[in-house]
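Have a look at the structure below before the remarks.
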Protein chains: 2
Amino acid sequence: MDAQTDRHRYHHGGLRTALLDAAERSLRERGVAQLSLRDLAREVGVSHAAPRRHFPERQDLLDALAEAGFGRLGEAIRHAVADGDPDLAARVSRASSAFARFATENPALLELMNATKHQPEKTELTSSVEKAFEPFVDLIHEGQDRRLIHSGPHEEIGLVLYATINGLATLVNNGSVDADRLEELIDAAVRQFLRGTAP
Amino acid sequence: MDAQTDRHRYHHGGLRTALLDAAERSLRERGVAQLSLRDLAREVGVSHAAPRRHFPERQDLLDALAEAGFGRLGEAIRHAVADGDPDLAARVSRASSAFARFATENPALLELMNATKHQPEKTELTSSVEKAFEPFVDLIHEGQDRRLIHSGPHEEIGLVLYATINGLATLVNNGSVDADRLEELIDAAVRQFLRGTAP
DNA sequence: ACGCAATGTAGGCAGTGCCTACTGATGTTG
DNA sequence: CAACATCAGTAGGCACTGCCTACATTGCGT
């Protein structure tokens, strides 16, 4: 089964990930409304019905994209927290900036990640948003341990910070606020946050 | 031109607003993805091409819905600020709660209002989001005058609060956070905010 | 070696957005 | 007040989409 360089083996081999890659590009370049399964199929070189094997409905693809987005966002934030000045305030600031950067670099993806989900019906395992705001919660928790942040439900405090950055990024992404003001807004938000949560 | 009760006058009379009304209902009940111009036309009783006279593109209808949404949201917040205990903190709290209520009662609309706009090309007048966060900014300004909030760019401070509530509502709307936790989250956010912005 | 599940193909259907050409009403003006 | 320009509706067509069903090919486990 040596891979022919010809792109026409009957079985694509990695169709699912190929679709997700193509979808992510399409999403970034043309927005979610323009994202079409048939389009992706053409781009990847399979028939228009092939994607159905991996994503029975269009929304399933979008869900997978959002899921992956949360993973990448969480990782980006974790990295930002890990590298550099270990001062807590500095790390909170870097985490927030990393979030903001991700958001402005992937506006359509963020929109998808924030989109109202259909009924999760039943299980839906766990909202993968956790992956993204976990680093924030962890940061709060550590801050509390070191008496830099007042005691209280750390998950709640982390959520508020996450929501603030998310909201500011949204305002920039939809054009309500000039992009070059984002940094200063994030900065102000972080300072206010730290002041508001000081012991 | 006495109005026949028969629904078949050639000219509808108020097609634009009838479409907007129907669209708002459809949006609330079935989400933006299911909103179809032809569907609305049927519902209102005109031909499938009639809406085009008022909304050349589907997105134009969505824009109008968002615009109207900002108007209503702003009004709701202003009313919440005006009625009740005139204490500043209480008013900030009521404004935030009103925002949250609007958001959870109109999830699809809020999503639309937060959606990434296409190129505003050139003019686009002014982002009508202002109507919604103006009350927050005003509140901050007044707080500064009365030395209850530290000095600084009041628009920036107002934006941060607006973004925080918006972000929290988004987390609830997309199922990341249980709806019954919203109130306490808003409460915590407002308290932190006031603490963080105290003089 | 064989059978079966997984994965891809081909074609069809209803529905959509956008387009053009046409028609009926409105109201402005000479 | 009649002619007419403009506005607001209708009818039909096109390309495209998502979803469906029936069929073909492949690879894998026994």
Side-chain angles (χ1 to χ4, degrees), chain A residues 1-23 25-27 29-66 108 112 115 117-118, chain B residues 1-23 25-27 29-66 108 112 115 117-119 121:
Chain A
M1 76 184 71
D2 199 30
Q4 315 171 303
T5 63
D6 294 279
R7 50 169 49 86
H8 269 342
R9 327 194 274 304
Y10 191 96
H11 282 108
H12 181 285
L15 183 51
R16 186 187 160 95
T17 59
L19 286 171
L20 285 174
D21 284 357
R25 220 158 11 94
S26 173
L27 185 65
E29 292 172 7
R30 296 158 46 195
V32 59
Q34 296 301 317
L35 193 155
S36 135
L37 292 180
R38 287 171 111 107
D39 211 14
L40 299 179
R42 276 187 291 267
E43 201 167 327
V44 169
V46 295
S47 80
H48 68 269
R52 186 172 168 71
R53 294 294 167 199
H54 303 273
F55 306 101
E57 306 201 351
R58 183 185 126 104
Q59 186 59 43
D60 296 329
L61 208 204
L62 300 184
D63 288 349
L65 281 175
L112 211 56
K117 301 293 188 277
H118 324 220
Chain B
M1 72 182 74
D2 200 31
Q4 313 172 305
T5 63
D6 293 278
R7 52 168 49 86
H8 268 344
R9 326 196 274 306
Y10 191 95
H11 280 107
H12 181 285
L15 184 51
R16 185 188 161 94
T17 60
L19 286 171
L20 285 174
D21 284 357
R25 218 157 12 94
S26 173
L27 185 65
E29 291 172 8
R30 298 157 45 195
V32 58
Q34 298 301 320
L35 193 154
S36 135
L37 292 180
R38 287 170 111 107
D39 212 13
L40 299 179
R42 276 188 291 269
E43 201 166 326
V44 169
V46 295
S47 80
H48 68 267
R52 186 172 168 70
R53 295 292 167 200
H54 303 273
F55 306 102
E57 305 202 353
R58 183 184 126 104
Q59 185 60 43
D60 296 328
L61 208 203
L62 300 185
D63 288 349
L65 281 175
L112 211 58
K117 299 296 188 275
H118 321 220
Q119 320 300 29
E121 284 298 321

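Chain letters run A, B, ... following the sequence lines, proteins first and then strands; every chain starts at 1.
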Inset, instruction - Can you measure from CG (B:Asp60) to CD (B:Glu57) and round to the nearest 0.5 angstrom? - result: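 Between atom CG of B:Asp60 and atom CD of B:Glu57 there are 5.5 Å.
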Using atom types as modelled, flag every donor-acceptor pair under 3.5 Å from a side chain in residues 15-23 of chain B to any protein atom, sequence neighbours excluded.
from, atom 1, to, atom 2, distance (Å)
B:Thr17, OG1, B:Gly14, O, 3.1

For [X] and [N], give me the distance from atom [atom1] to atom [atom2], rounded to whole Å.
X       : N      : atom1 : atom2 : value
B:Leu61 : C:dT16 : CG    : P     : 14 Å
A:Arg53 : D:dT25 : CZ    : C1'   : 12 Å
B:Arg16 : D:dG9  : CZ    : P     : 12 Å

Inset, instruction - State whether B:His54 places a side-chain N or O below 4.0 Å from either non-bridging phosphate oxygen (OP1 or OP2) of D:dC7. - result: no
Legend entry - Exercise: identify the closest heavy-atom pair between B:Ser47 and B:Pro51: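 That would be O-CD, 3.5 Å.
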Inset, instruction - Check whether any side-chain heavy atom of A:Val32 lies under 4.5 Å from a side-chain heavy atom of A:Leu65, and answer yes or no. - result: no
Polar-atom pairs under 3.5 Å, protein N or O versus N or O of nucleotides 16-20 of chain D: list them with distances, or write none.
from, atom 1, to, atom 2, distance (Å)
D:dT17, OP1, A:Ser36, OG, 3.2
D:dT17, OP1, A:Arg42, NH2, 3.2
D:dT17, OP2, A:Arg42, NH2, 3.2
D:dG18, OP1, A:Leu37, N, 3.0
D:dG18, OP2, A:Leu37, N, 3.2
D:dG18, OP2, A:Arg38, N, 3.3
D:dG18, N7, A:Arg38, NH1, 2.5
D:dG18, O6, A:Arg38, NH1, 2.9
D:dC19, OP2, A:Arg58, N, 2.9
D:dC19, N4, A:Arg38, NH1, 2.9
D:dC20, OP2, A:Arg52, NH1, 3.0
D:dC20, OP2, A:Arg52, NH2, 2.8

Determine all donor-acceptor pairs shorter than 3.5 Å in which one atom belongs to a side chain in residues 36-44 of chain A; sequence neighbours excluded.
from, atom 1, to, atom 2, distance (Å)
A:Ser36, OG, A:Arg38, N, 3.3
A:Ser36, OG, A:Asp39, N, 2.9
A:Asp39, OD2, A:Arg30, NH1, 3.3
A:Asp39, OD2, A:Arg30, NH2, 3.2
A:Glu43, OE2, A:Arg25, NH1, 3.1
A:Glu43, OE2, A:Arg25, NH2, 2.8

Inset, instruction - Kindly point out which of D:dG9, D:dT10, C:dT9 is positioned nearest to the side chain of B:Leu15? - result: D:dG9
Legend entry - Residues which pass side-chain contact (heavy atoms from CB on, under 4.5 Å) with B:Ala33, listed by chain and number, not counting sequence neighbours: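 Here no residue qualifies.
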